[in-house]
2 protein chains.
Amino acid sequence: MSVLLEQPITSSDKTFYRLRKDIVEGQICAGSKLSETELSTKYQVSRAVVREAINRLETCNLVERKPNIGARVVSLSSEGLIELYQVREALEGMAARQAARNMTDQDIADLNALLTSHSAKVKDGQSYYQEAGDVDFHYRIIQGSKNQHLIALLINGIYHLVRMYRVQLGMAGPRVTTAFDEHRNIVQAISNRDEELAEMLMRRHILYSMNNIQRKLQQTESNQEERS
Amino acid sequence: MSVLLEQPITSSDKTFYRLRKDIVEGQICAGSKLSETELSTKYQVSRAVVREAINRLETCNLVERKPNIGARVVSLSSEGLIELYQVREALEGMAARQAARNMTDQDIADLNALLTSHSAKVKDGQSYYQEAGDVDFHYRIIQGSKNQHLIALLINGIYHLVRMYRVQLGMAGPRVTTAFDEHRNIVQAISNRDEELAEMLMRRHILYSMNNIQRKLQQTESNQEERS
DNA sequence: CATGACTATATTGTCGACACTTTTTGCAGA
DNA sequence: TCTGCAAAAAGTGTCGACAATATAGTCATG
């Protein structure tokens, strides 16, 4: 029962997924207000449904809500990115460590197969690595930790926010091959059951990733500076 | 604007706080079902209010909800405790590290004063240390990290669940003085701006605490075994 | 012209009712 | 007595309306 792939059952679910997609991909601007009435007419559902969806978006840290005032989409900032990635580094580092302890040999074999298949696709030019492989890779490591609290915190709490930063800053370009090698090394460490190394490599991998995104974000911010 | 002490504004808030208290303190049993209709008549509010409150309890990881079926209070188990404390160790360890970096001198002075005042109260026999001091102490370190994501994750995500384990297992007895010394040492490390040591001491402190709770929990579980 | 109070508007919070799903109950047949 | 199905009951999901609060606009006053 994966959290990411579970399909919508109730109307609230569908609205939640729709809104989340629109926010992560930037169709709804960062920092903009989410009006319950407006969304309910737009999506042809009752306000109660929209309300529930917004509540769940708040749990994902994608929107902020204030009583009697309303909800706003979070805004992306350099400071926010750093804080987010500090937490991510600690949690995913821990996930990698636990994965080295708790993944079955079968899990590891599957993960290796995944990497290989992604590698092939990239060489064929079918897709960039980030979109195709990165999400799946991290997702599997997280699941591999087998710690339900950790999984919930990462998947519900920070993962979609990470995606929001990446998607909206257009992270699909470079770092493709280097990221792939880093992934290989992490899996190798897990395969060797070397918890210490697995954690360290994952932490570095995430740190590199943050530096990469931050460069892009600062470009964006300085562009906005020029325009204003 | 503390998350713990914010006072109820809306009816949903009040219901949420009431339910949370009842769950954490065990007036509503672990594992029991939360019926929306039942609670709405009991608390004299509409079902929408109860629904919203339950949603927020789910965000705190205090209840689990399934579509079309309903919400249940989480149940306490030895495995759950271990998973929870593993996450807590990583996150609060990180909080201590960041607190050593980001707390102001004033923050640290206040924290020392807090410890001293708690120490005095304990010597007077006014209260046990756990209840009076522990929560505040950890709360301040978490805030001292000044990382909003980390703060949100800890306060909203795991702190009340930790409290639930502690309260329901009657954690107020021993470990009072040792915990106090551990707190002193952590603050000392923070005061020296020794990030490495602060994190390590905090991690150990939490580890000891877990061992302590786990002993109690296994006693409880083996008692239940005998009875059945 | 700036400022402050007041009104009007828009938005969120709460409610009770209905629709749909799940669970229980009761009965028929083996 | 046990099993399987159908109807009834209970519970959650969704809806539109009203109440309470916040925001915008207006006007009077300094």
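Below, read A as the first sequence line, B as the second, and so on, with proteins coming before strands; counting in each chain starts at 1.
Annotation: side chain to side chain contact (heavy atoms under 4.5 Å, CB included) contacts of Asn55(A) (sequence neighbours excluded): Glu58(A), Arg65(A), Glu52(B), Asn55(B). For Glu92(A), the side chain to side chain contact (heavy atoms under 4.5 Å, CB included) criterion is met by Arg88(A), His138(A), Ile142(A), Leu154(A), Tyr159(A), Met202(A), Ile206(A), not counting sequence neighbours. Among residues two or more places apart in sequence or in another chain, the side chain to side chain contact (heavy atoms under 4.5 Å, CB included) test is passed with Ala198(A) by Ala96(A), Ala100(A), Ala189(A), Ile190(A).
For the pair Tyr43(B) OH and dT14(C) P, the computed distance is 16 Å after rounding to whole Å.
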Show the atom names and distances, to 0.1 Å, of all donor-acceptor pairs under 3.5 Å that link a side chain in residues 24-35 of chain B to residues at least two apart or in another chain.
residue	atom	partner	partner atom	Å
Glu25(B)	OE1	Lys21(B)	NZ	3.2
Ser32(B)	OG	Cys29(B)	O	2.7
Ser35(B)	OG	Thr37(B)	OG1	3.1
Ser35(B)	OG	Glu38(B)	N	3.2

Base-contact (B) and sugar-phosphate-only (S) positions in nucleotides 12-25 of chain D, heavy-atom cut-off under 4.0 Å, - elsewhere:
BBBB-B---SSS--
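Identified under the salt bridge (charged side-chain N to carboxylate O under 4.0 Å, His left out) test for residues 72-81 of chain B, with sequence neighbours left out: none.
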